[in-house]
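Atoms considered below: every heavy atom in the structure, side chains included; atoms not considered: hydrogens, waters and symmetry mates.
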Amino acid sequence: MANIDHKCLNCGSTNLRVRTSQKVGMRTIDVLLICNNCGAKNHALSEIYKLETPIYNERQEALKINKPLLQIDENQLGLPLED
């Protein structure tokens with residue numbers, strides 16, 4: 001089950017648990033959150049409003065280096081390595 005980051009409207013606690021969730025439509029669900037602090041029932045309606053998909057590209061330079069790809073200096077990739 002996914003985490004939902006809400007505060008209880010009764011006591012302000014962030015310690016909520018999902019009790020039930022029900023699909024309303026293709027992008028919308030109705031969620032019942034129970035507060036572990038005060039016991040209040042918080043009803044939430046959640047909707048997916050945007051979708052972004054990743055574009056994956058093969059990175060051959062990652063096989064030629066000995067550290068994580070995000071730590072390399074792209075300006076030094078073309079320099080010859082010391083033997």
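- Partners of Lys41 under the side-chain contact (heavy atoms from CB on, under 4.5 Å) rule, at least two apart in sequence or in another chain, are Leu32, Ile34, His43.
- Take Lys67 and apply the side-chain contact (heavy atoms from CB on, under 4.5 Å) test, not counting sequence neighbours, and it matches Gln71, Ile72.
- Formation of a donor-acceptor pair under 3.5 Å by the Asn10 side chain with backbone atoms of Cys38 is not found in this model.
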Might you work through the side-chain contact (heavy atoms from CB on, under 4.5 Å) test for Val31 and Leu45, ending with a clear yes or no?
-> CA-CA 6 Å; Val31 181; Leu45 196 60; over 6 Å; no
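- Distance check: Asn37 CG to Thr14 OG1 gives 9.0 Å after rounding to the nearest 0.5 Å.
- Taking Ile, Leu, Val, Met, Phe, Trp and Tyr as members and joining any whose side-chain heavy atoms lie under 4.5 Å apart, directly or through other members, Ile48 forms no hydrophobic cluster with any other residue.
- The salt bridge (charged side-chain N to carboxylate O under 4.0 Å, His left out) test applied to Arg27 returns Glu47, not counting sequence neighbours.
- For the side-chain contact (heavy atoms from CB on, under 4.5 Å) test, residues two or more places apart in sequence or in another chain that qualify with Glu58 are Gln60.
- Considering only residues two or more places apart in sequence or on other chains, Asn36 meets the side chain to side chain donor-acceptor pair (under 3.5 Å) condition with Asn15, Arg17.
- Proximity of Leu16 to Asn42: side-chain heavy atoms (C-beta onward) are separated by under 4.5 Å at one or more points.
- Using a 4.5 Å cut-off on side-chain heavy atoms (C-beta onward), Leu69 and Arg59 make contact.
- Inter-residue side-chain proximity for Ile29 and Val24 is flagged as unmet; no heavy-atom pair is nearer than 4.5 Å.
- The minimum heavy-atom distance between Ala44 and His6, with the atom names listed, is CB-NE2, 4.2 Å.
- The side-chain contact (heavy atoms from CB on, under 4.5 Å) test applied to Glu52 returns Lys50, not counting sequence neighbours.
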